[in-house]
Amino acid sequence: MKLSGTAVLAAVLLLAACGGSEDPVTTEPVEAGAQLHALFAEQFERDLEMNPMRATFIGDDRYNDRLANSNSPDYRAAEEAMDREFLQRLLEIDREQLNYQDQLSYDIFRINRELSLEGNLYPFHLQPINQFYSTTNFFVQIGSGAGAHPFKTVKDYDDFLSRADDFAVIIDQLIVNMQEGIREGVVQPRILMEKLQPQIDAHIVENVEDSNFYAPVRNMPEDFSPEDRERLTAAYEDKIMNTIIPSYQRISNFIGDDYLGAARETVGLYALPNGVSWYEFMVRLRTTTDMTPEEIHQIGLDEVARIHGEMHGVMEEVGFEGDLKEFFEYMNSDPQFFFEEREQLIQGYRDMSDKISELSKDLFEIFPKTGFEVRAIEPFREKSASGGSYQAGTPDGRRAGIFYANAYDLSARPNWAMESLFLHEAIPGHHFQIMIQRENEDLPEFRRFGRFTAFSEGWGLYAESLGKEIGVYTDPYQYFGGLNAELWRSIRLVVDTGIHAKGWSRQQVLDYMYANSAVAEARAVSEAERFMAIPGQALAYKVGQLKIREIRDSAEARLGDQFDVKAFHTEVLRDGAMPLSMLEAKIDRWVDAQL
């Protein structure tokens, strides 16, 4: 009998928790361990071949000439078959014959396979794009030279031409799937697709030089021979005008002529066939817990009330007279809190880098070797993008990590929000967590390059909470920014569950945001529609942060004067992302070893 993802997760975490503080005494640990790592290596290699962009993102260029048609029936069947094969082969290895680290790897690998298989119960492929995550936006990022696909060699340029052909096939597959979704009643909210269509139309241009895809031609390396330059220029002009732009036109026509008329007025997952169960799965997937939507909703309400109390303290500190709503309005409108030029915002983040890097040495003893840079989110996607995001670099140093900051509508980007966002996306947040993990060559490849949203985003929000401890938030308004960022993640618990489990409308979500936070309209709208587009993802931040803080508090209470915050952070980060209960068991084991 196949266990549900929850049952498997609970069973695996129990085994991990019962592992004890010493490695098991075994007679054949080397043989079992070698078998396990051979299995991991084979699966990782086959997965990269099936997912060529995943290989590109980690700096493996072998498959840079292709894209996966991951929504096709053949691909989905092959992916499921591979999951079943490797899960079965894993279960044939005796877990008790493994050392502690290999047991962690065993458990994480098993959870990944089980959750992937359970996800196949739900028709993600029938609503494959929206304004927040879309193949069309992603392809512009990599094709403009601003993403992971390299444009340094002649082969790089030829590889992208080949990828463009695959893109055209993928677009046609998306249309086929969305047509099936219309027939089966599995469609996106209309409001999201109305936001997506202009993003697509921005790339339907008459002049090839106006296309974002022409940027690699304009920026072609000077060491290319005249013959290569001439050939590639002609090839790119032909590919852009006769393959890429027609693909954008086809999907735009389909959305405008067919899909919008069939799209739904509701915005929550609950409204789709089997939607209640689908959302419960997304909650478990994103949080790595068994909490129900109702439990999470209540945590959100409680946290909103608690943080409002903290904000009243800031109001008293700065001498503001009025209520909290009036303070929100003041923080959102006073000119002192806003930049006049986009570049001022971006440069402000760049200026934080050296300062916060130095301050982080008081709380951390391990640091990523990979550098990072700050970039503005591209104009074609900034209107629907979040305030900031992080794209990991490659551990070989060929590509730095990137903190993308949103400079759209500066009236929605107050400077008091900057320190907390930098802590989350860059140092010591995502850049630290992801790159320390990726640079750890002792981990199996699937763990080096894997992720669990609750761990990653929980760490990002935990990093924000270190503001005063690390030496920032010295300005009360910046501290308010930190509180507002935490408040925002708490509001997410309320509104994500409100949308997808309680039937809240888009306007109910916006009204709750405006009533409870200092958020400008542009951000409120983009964030509300983000929650509609990616159910459950917004829950990971606060759930993860609360658990990491709880784990730290427990370790501090148990160790007393022996507690070393630098060592604690090392222990959290060094083994990479994992389910929250596994992290808790691992830290308990670390504490036990010191007592």
Side-chain angles (χ1 to χ4, degrees), residues 44-45 47-70 129 132-168 170-171 199 203 211-221 232 236 239-240 244 368-382 385-386 388-406 425-426 430-431 433-439 445-446 448-451 453 456 577:
F44 189 78
E45 188 64 33
D47 184 72
L48 290 184
E49 189 171 3
M50 284 190 68
N51 297 280
M53 271 310 306
R54 191 172 297 166
T56 300
F57 270 107
I58 68 173
D60 184 337
D61 297 341
R62 289 175 296 164
Y63 310 111
N64 278 8
D65 61 341
R66 65 193 82 165
L67 294 174
N69 187 8
S70 57
I129 56 174
F132 198 80
Y133 283 141
S134 71
T135 302
T136 47
N137 276 349
F138 172 75
F139 194 62
V140 181
Q141 284 183 275
I142 66 168
S144 63
H149 185 99
F151 287 94
K152 296 178 181 179
T153 68
V154 170
K155 183 179 183 301
D156 292 338
Y157 276 72
D158 284 327
D159 282 344
F160 184 76
L161 291 172
S162 179
R163 277 186 157 162
D165 290 330
D166 287 346
F167 173 73
I170 290 168
I171 290 298
Q199 296 175 6
H203 307 296
S211 172
N212 291 86
F213 294 98
Y214 196 76
V217 176
R218 193 176 293 113
N219 301 321
M220 201 175 293
L232 288 170
Y236 269 69
K239 194 69 69 176
I240 292 167
I244 296 175
K369 302 179 182 68
T370 306
F372 87 101
E373 59 186 86
V374 179
R375 293 185 191 173
I377 292 175
E378 306 91 341
F380 68 82
R381 66 185 181 98
E382 63 182 4
S386 59
S389 60
Y390 176 75
Q391 178 180 297
T394 54
D396 60 11
R398 286 192 295 165
R399 189 179 73 245
I402 302 169
F403 165 29
Y404 284 103
N406 200 335
E425 302 294 348
H430 288 326
H431 182 63
Q433 184 262 309
I434 294 172
M435 293 317 305
I436 288 171
Q437 172 178 314
R438 292 191 171 194
E439 291 169 2
E445 297 289 85
F446 86 92
R448 288 180 67 197
F449 298 103
R451 67 171 298 176
T453 309
S456 298

Exercise for review: Would you check, one step at a time, whether the test side-chain contact (heavy atoms from CB on, under 4.5 Å) holds for Asn51 with Tyr63?
Suggested key: CA-CA 9 Å; Asn51 297 280; Tyr63 310 111; over 6 Å; no

Who are the side chain to side chain donor-acceptor pair (under 3.5 Å) partners of [X], not counting sequence neighbours?
X	value
Asn212	His203
Glu49	none
Arg399	none

Check your understanding: Quick check: does any side chain N or O of Asn406 sit under 3.5 Å from a backbone N or O of Glu382, one acting as donor and the other as acceptor?
Key ->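 Judged by distance alone, yes, a pair lies under 3.5 Å.
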
Review point. Do the side chain of Ser456 and the main chain of Thr453 share a donor and acceptor less than 3.5 angstrom apart?
Key: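 A pair under 3.5 Å: no.
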
Exercise for review: Give a yes or no on whether the ring-centroid distance for Phe138 and Tyr133 is below 6.0 angstrom.
Suggested key: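 Ring-ring flag for Phe138/Tyr133: false, centres at least 6.0 Å apart.
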
**Study point:** Phe403 ring center near Phe372 ring center (under 6.0 Å)
**Key:**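 Judged by ring-centre distance (under 6.0 Å), Phe403 and Phe372 do not meet the cut-off.
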
Practice item. Identify, with sequence neighbours excluded, every residue that meets ring pair (Phe, Tyr, Trp, His ring centres under 6.0 Å) alongside Tyr236. Key: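 Partners of Tyr236 by the ring pair (Phe, Tyr, Trp, His ring centres under 6.0 Å) criterion, ordered by chain and then number, come out as Tyr157.
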
Practice item. Output all residues satisfying ring pair (Phe, Tyr, Trp, His ring centres under 6.0 Å) with Phe446, sequence neighbours left out; order by chain, then residue number. Key: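 So Phe446 forms a ring pair (Phe, Tyr, Trp, His ring centres under 6.0 Å) with Phe40, Phe109.
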
Practice item. Not counting sequence neighbours, list each pair that qualifies as a salt bridge (charged side-chain N to carboxylate O under 4.0 Å, His left out) and has a residue in residues 132-156. Key: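 As it turns out, the salt bridge (charged side-chain N to carboxylate O under 4.0 Å, His left out) pairs with a partner in residues 132-156, which skip direct neighbours, are Lys155-Asp159.
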
Check your understanding: Do the rings of Tyr390 and His430 sit parallel, tilted or perpendicular, given the 30° and 60° boundaries?
Key ->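 Tyr390 vs His430 ring planes: tilted.
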
Point to revise | Side-chain heavy-atom pair Pro52, Arg163 within 4.5 angstrom cut-off | key: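 Yes, at least one pair of side-chain atoms sits under 4.5 Å.
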
